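Chain identifiers are assigned alphabetically (A, B, ...) following the order of the sequence lines, protein sequences preceding nucleic acid strands; residue numbering begins at 1 within each chain. Keep in mind the model is a prediction, meaning the values are calculated, not measured.
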2 protein chains.
Amino acid sequence: MAKKKTSIKDIAEALGISITTVSFIINGKAREKRISEEMTQKVTDYIKKIGYKPSHLAQSLRLGKSRVIVFMVEDISNQFFASIARLIEEKAYKNGYKIIYCSTDNDVNKAKELISTFKMRNVDGFIITPTPDLETTIISLMEEEQALVLFDRWIPELDTSYVVVENQKSAKEATLHLIDQGSKNIGFVTVDSNQTQMLDRLAGFQEAITEKGSNQETLKISPFIIEKKQISLHIQDFLTMHPSLDALFFSTNYLAFEGLLALAALGKKIPEDIKILSFDDHYLFNLYQPKITSIEQPLEAIAEKLMESILGQLDAEAPSKPPQKVVLPNKLNIRESSLKGF
Amino acid sequence: MAKKKTSIKDIAEALGISITTVSFIINGKAREKRISEEMTQKVTDYIKKIGYKPSHLAQSLRLGKSRVIVFMVEDISNQFFASIARLIEEKAYKNGYKIIYCSTDNDVNKAKELISTFKMRNVDGFIITPTPDLETTIISLMEEEQALVLFDRWIPELDTSYVVVENQKSAKEATLHLIDQGSKNIGFVTVDSNQTQMLDRLAGFQEAITEKGSNQETLKISPFIIEKKQISLHIQDFLTMHPSLDALFFSTNYLAFEGLLALAALGKKIPEDIKILSFDDHYLFNLYQPKITSIEQPLEAIAEKLMESILGQLDAEAPSKPPQKVVLPNKLNIRESSLKGF
DNA sequence: TTGAAAGCGTTACCAG
DNA sequence: CTGGTAACGCTTTCAA
């Protein structure tokens with residue numbers, strides 16, 4: 001494949017000077033090393049002429065840094081992760097870093113394998129949404145002093161940097177809103193896993209319920225259901241088993257979409273028959289009739305903090321700080337689906 | 001950062017043997033090089049014990065291959081691209097390749113810069129949705145005999161591998177369906193650009209119109225409109241200016257979503273007042289009331305062909321084939337939004 | 001002001 | 001069967 005690439009050596013030979021000189025000039029150390037103006041000029045001109053680009057690979061090997069950051073999420077085709085990815089990518093490129101994405105499917109073994117292969121690629125930093133049981137691997141990453149930041153969920157036992165949102169607080173607030181709108185019997189539909197963000201959302205929900213003495217039912221959908229259709233059917237069953245439910249809180253948007261389908265199948269009217277609301281805003285919540293109330297995570301801020309944290313750890317100049325633990329506020333977008341008088 | 005990593009040299013020293021031997025064993029050439037069973041055993045045991053992993057960086061430098069493929073799309077947060085990315089990623093990992101994603105925003109300069117920086121990272125292959133005016137860069141890639149495959153759109157003048165879908169045929173078929181359902185005056189809403197896929201869709205639409213002698217109007221939305229709201233307003237204007245339109249064909253799903261918003265604002269009923277249909281299926285088209293008719297691209301097949309093509313080019317064993325030009329069929333999902341009697 | 005050479009971690013050729 | 005060593009492309013120390 002690919003024609004032989006010109007190397008720094010070729011340049012040196014062509015110009016009849018040493019590799020060192022070329023290297024210094026390329027790396028902007030001409031001044032510092034007091035290389036003559038004309039030499040510098042000659043070299044830069046030649047480089048521009050032949051369009052030489054140094055090999056990042058060789059640089060990485062030599063310097064022990066690759067300027068690559070891994071962004072490891074549950075599923076990159078998920079809108080939430082894809083959006084963050086997009087924002088991260090932008091900020092990374094601006095700082096001379098590249099991003100490698102990968103999806104874990106929330107499978108520990110896949111995650112472990114991925115981390116191991118990335119370590120041997122000398123990536124500089126890891127941004128990870130941890131799968132269950134990933135503690136030991138994360139610990140080894142910490143021991144090796146790798147730049148690391150968790151997001152979306154974190155591991156309570158570990159003292160790592162992370163960026164998450166106020167799951168519990170927002171879930172509580174949203175639940176209170178539902179109660180405030182007259183809901184007396186609220187169903188919480190979530191995914192059956194012990195990821196912190198899901199647990200916190202449930203906790204927030206229950207806190208509100210307890211506080212106000214309302215009734216509640218909870219449906220935990222197995223994360224192993226691949227076929228979406230199944231999810232919708234589960235929700236239908238849930239609704240028929242608990243006919244008195246007058247509101248539904250979905251812990252994440254894809255569950256809400258399935259819920260919408262279930263509700264339509266049962267001929268339930270939103271919000272007259274049943275009010276609904278979901279965590280994780282989605283562009284289409286604003287489009288659906290009625291518009292769906294939801295809790296919006298601050299994508300931009302999450303990406304910002306993530307990069308700030310990882311870049312901070314990567315900055316050799318800066319003194320190494322203690323792990324940064326960032327918890328960002330969400331925004332409750334109240335729309336038609338949860339309103340009493342609508 | 002990171003503790004000193006153990007290298008092949010450390011292993012050789014620790015075991016009192018040569019680097020070469022270790023290297024052979026690691027690379028499974030023990031048999032071939034007729035290294036003794038016990039030596040092999042000793043080394044593999046030791047490697048397992050200390051958990052040694054070879055440096056991919058050094059391997060890449062040495063071998064001139066990085067086992068990295070770049071996936072360069074317009075916008076990775078777009079559902080279509082994110083879904084393909086997910087599928088590609090899976091297939092790549094299975095073959096020992098990693099994927100680096102990046103978004104061009106359909107901006108030539110960004111694309112050029114990206115390609116240049118990836119070249120110096122010795123990536124092995126490029127999967128690209130070309131931006132306008134990217135010809136020269138693509139040509140230089142071809143001259144360097146880089147593994148390359150375009151997708152979503154391609155560059156007619158260039159003899160590259162590509163994977164696209166039957167845009168024209170499907171658009172025509174969909175338009176005929178609309179006419180068949182009694183539409184007499186169809187509006188085509190597209191993005192104002194000369195990307196091949198959009199042009200082909202328009203061509204297919206017009207072909208059907210001409211063939212059947214129907215009426216048509218076309219609205220081209222500038223790709224520079226960032227604010228979605230604006231798009232929706234444009235569509236509203238379009239509809240009020242052409243009140244006789246009885247069907248709308250959206251060339252891509254995000255335009256359809258905005259169209260839905262516009263239609264709702266104008267109080268138009270689908271499909272009674274106006275029928276609609278869109279290119280690029282979306283999970284939510286099936287959820288909306290009424291369900292939206294759309295043309296579904298074969299994501300899985302696209303990803304499959306893309307990887308097949310790039311891996312084929314990367315396979316040193318295989319004789320270099322002429323560029324593979326793949327055109328995949330789509331599927332017209334007829335749903336409620338385009339049906340007469342609904 | 002410039003150059004020689006070591007070294008980053010591998011692979012693979014050539015000896016023995 | 002095993003080992004020495006050049007080379008991949010670069011940075012950087014030390015020397016001139």
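Note: Phe71(B) and Tyr101(A) fail the aromatic proximity criterion, with ring centroids not under 6.0 Å apart.
Rounded to the nearest 0.5 angstrom, Lys119(B) NZ and Ser140(B) OG are separated by 4.0 Å. Interatomic distance, NZ of Lys98(B) versus SG of Cys102(A), reported as 8.5 Å (0.5 Å rounding). Atom NZ in Lys110(A) sits 11.0 Å away from atom CG in Asn106(A) (nearest 0.5 Å).
Taking 4.0 angstrom as the limit, Tyr52(A) places a side-chain polar atom (N or O) nearer than this to OP1 or OP2 of dC10(D). Contact between the side-chain N/O atoms of Gln59(A) and the OP1/OP2 oxygens of dT11(D) is found at a separation under 4.0 Å. Regarding contacts with the backbone of dC8(C), every side-chain N or O of Ser60(A) stays at 4.0 angstrom or more from both OP1 and OP2. Regarding contacts with the backbone of dC8(D), every side-chain N or O of Lys65(B) stays at 4.0 angstrom or more from both OP1 and OP2. The phosphate of dA12(C) (OP1 or OP2) has a side-chain N or O of Lys29(B) nearer than 4.0 angstrom. Distances shorter than 4.0 Å separate some side-chain N or O of Thr21(B) from OP1 or OP2 on dG3(D).
Between the CG atom of Leu57(A) and the P atom of dT10(C) there is a distance of 13 Å, rounded to whole Å. Computed from coordinates, the Glu32(B) CD to dC13(C) C1' distance equals 13 Å when rounded to whole Å. Rounded to an integer number of Å, the gap from Leu61(A) CG to dC8(C) C1' is 4 Å. What separates CG of Leu15(A) from C1' of dT2(C) is a distance of 14 Å, to the nearest Å. Atom CD1 in Ile47(B) sits roughly 14 Å away from atom C1' in dG9(C) (whole-Å rounding). In this entry the distance linking CZ of Arg62(A) with C1' of dA5(C) reads 11 Å, nearest Å. The separation between Asn122(B) atom CG and dT10(C) atom P is 18 Å, rounded to whole Å. Rounded to an integer number of Å, the gap from Phe24(B) CZ to dA12(C) C1' is 6 Å.
A donor atom on one side chain and an acceptor atom on the other are found under 3.5 Å apart for Ser77(B) and Asp75(B).
Residue contacts shown for Leu63(B) are limited to sugar-phosphate atoms, with no base heavy atom under 4.0 Å away. If you check every strand for non-hydrogen atoms under 4.0 Å, Ser23(A) touches a base. If you check every strand for non-hydrogen atoms under 4.0 Å, Ile17(B) touches sugar and phosphate atoms only. Across all strands shown, Thr20(A) has heavy atoms under 4.0 Å from base atoms, whether or not it also approaches the sugar-phosphate.
A salt bridge does not link Lys29(A) with Glu32(A): none of the charged nitrogens is closer than 4.0 Å to a carboxylate oxygen.
Of the listed nucleotides (dT2(C), dG9(C), dG9(D)), dG9(D) has the atom at the smallest distance from the side chain of Ser55(A).
Annotation: of the two residues near DNA chain C, Ile19(A) and Met39(A), the 5′-most nearest-nucleotide partner is Met39(A). Residue order along DNA chain C, read from the 5' end via each residue's closest nucleotide, puts Ser18(A) first among Ser18(A) and Ile8(B).
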